[in-house]
Amino acid sequence: MISIEPKKLQHMVRDILSTQSIEIGCDTCYAQLDQFVELVLEGKDASVAMPLVSAHLDVCGACREEFEALLFALRSLSQQR
Amino acid sequence: MVSDRTNEAWLAALRGSPDPQAVTDLRDRLLRGLRYALKQHYSVTESDLEDFVQDALVRILDNVESFRGESMFTTWAQKIAIRAAFSELRRKRWANIRLQDLVPEGTENDDSAETSPFDWIASAEPTPEHHITQQSLRDVVAQVIRDELTDLQRQALVAVILHEMPIEEVARRMDTNRNALYKLLHDARQRLKLRLESQGVTVEDVLEDFGSE
Ligand SMILES: [Zn+2]
């Protein structure tokens, strides 16, 4: 039997309730991720410029993990120079 | 050292038979990027990192023509390296875990007690009041998951949301791909959303309730 922690239940319900009728999938998100991450690096409001990518990252843990790692890598590389 | 090639220069150097110096520069850069991205939070060795970069280089060189110039070439390349690394890390981390271990058989509408992963349902009474308690929220969620979803949707939802199994790992076990599984989960979330809304569940309910627990 699985017991679900309150936090997880909360996240799950929030994810469900924030579902949009139009969402992009992982492939489309990935195709635009380089563009998206550069907007973030430039300090622009990427979620306004690319709302569908932003919404996908809110809901898809795997894509979000990759985005955060990519952002961190690029930030570190640019600081190092 | 860090090179400041333009996108055009990268493409010219890597198309056809790649310029060895450009490949070396790119490899160095990707390796440093992955080191930053992964060393702190994931248990990876330097040789893992080199393997990921090697994988990524093959993919990059095979797909140079598909680069659309919407970002810097090195950003695009780093994205591919990150994907290569996570695919492998996730594959390893979840290697010995089967979906059946996460989602016991017989989760269909029969309530044969112990086997159901939705035993966090106590009894699924309809919820009358506006304010929804944590327990009744559990009940409602469990019931709509049971009623609204196909077996496949239910299995995917449990694995991805409750167990945080990466979506591509679930997809592989279901003989599908990440994108298709995302769509399946999206359909599932849409169905659940309609039902939860019709039961009067709001985000505010959820936030309110959990503050006090
Ligand atoms: Zn995704």
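From a predicted model like this one, the values you see are computed outputs, not experimental measurements. Chain letters run A, B, ... following the sequence lines, proteins first and then strands; every chain starts at 1.
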Review point. Do F86(B) and L70(A) come close enough that some side-chain heavy atom pair is under 4.5 Å?
Key: no

Check your understanding: Mind checking whether T75(B) and Q35(A) have side chains closer than 4.5 Å, heavy atoms only?
Key -> no

Point to revise | Heavy-atom closest contact (F72(A) atom, Y36(B) atom, distance) | key: CE2-O, 3.1 Å

Check your understanding: Contact part of R191(B) toward chain A, heavy-atom cut-off under 4.5 Å: side chain, backbone, both or neither?
Key -> neither

Practice item. Quickly, which of V59(A), D27(A), T28(A) forms a side-chain contact (heavy atoms from CB on, under 4.5 Å) with Y182(B)? Name it, please. Key: V59(A)

Revision key, fill the gap. Note: vs chain A, highest number of non-hydrogen pairs under 4.5 angstrom among Q190(B), H186(B), E197(B) is H186(B)

Check your understanding: Can you tell if the side chain of E164(B) reaches within under 4.5 Å of the side chain of K8(A), non-hydrogen atoms only?
Key -> yes

**Study point:** L74(A) versus chain B, the contacting section by heavy-atom distance below 4.5 Å
**Key:** side chain

Check your understanding: Of the backbone (N, CA, C, O) and the side chain (C-beta and beyond), which part of R90(B) lies under 4.5 Å from a heavy atom of chain A, both, or neither?
Key -> side chain

Exercise for review: Calculate, to the nearest 0.5 Å, the distance between atoms CD and CG belonging to E23(A) and D187(B) respectively.
Suggested key: 10.0 Å

Check your understanding: So which part of E38(A) gets closer than 4.5 Å to some heavy atom of chain B, the side chain, the backbone, both or neither?
Key -> side chain

Review point. Which pair of non-hydrogen atoms, one from L17(A) and one from K193(B), has the smallest distance, and what is that distance?
Key: O-CE, 3.2 Å

Check your understanding: Between A62(A) and I167(B), what is the shortest heavy-atom contact and its length?
Key -> CB-CG2, 3.7 Å

Review point. Hey, what do you get for OG (S71(B)) to CD (Q32(A)), rounding to the nearest 0.5 Å?
Key: 11.5 Å

Check your understanding: Picking from A73(A), S18(A), G61(A), C29(A), which has the most non-hydrogen pairs under 4.5 angstrom with chain B?
Key -> A73(A)

Study note, to complete from the structure: Honestly, the part of C63(A) sitting under 4.5 Å from a heavy atom of chain B is both

Point to revise | Per-residue contact mode, E168(B) against chain A (heavy atom under 4.5 angstrom) | key: side chain

Review point. Looking at side-chain heavy atoms only, is the closest gap between M12(A) and I145(B) below 4.5 Å?
Key: yes

Review point. Any side-chain heavy-atom pair from K79(B) and V37(A) closer than 4.5 angstrom?
Key: no

Revision key, fill the gap. Cut-off 4.5 Å, heavy atoms of chain B, and the answer for F36(A) is neither

Review point. Quick check: does any side chain N or O of R189(B) sit under 3.5 Å from a backbone N or O of Q20(A), one acting as donor and the other as acceptor?
Key: no

Practice item. Side chain from CB out, backbone as N, CA, C, O: work out which of these in L89(B) comes under 4.5 Å of a heavy atom of chain A, or both, or neither. Key: neither

Review point. Would Q78(B) and L77(A) satisfy side chain to side chain contact (heavy atoms under 4.5 Å, CB included), going step by step from the backbone distance to the final call?
Key: CA-CA 11 Å; Q78(B) 195 75 57; L77(A) 284 168; 3.7 Å; yes

Practice item. Give, for atom CZ of R83(B) and atom CG of L33(A), the distance between the pair rounded to the nearest 0.5 Å. Key: 8.5 Å

**Study point:** Which portion of E65(A) sits near chain B, non-hydrogen atoms under 4.5 angstrom
**Key:** both

Exercise for review: Answer with side chain, backbone, both or neither: which region of I24(A) has an atom nearer than 4.5 Å to a non-hydrogen atom of chain B?
Suggested key: backbone

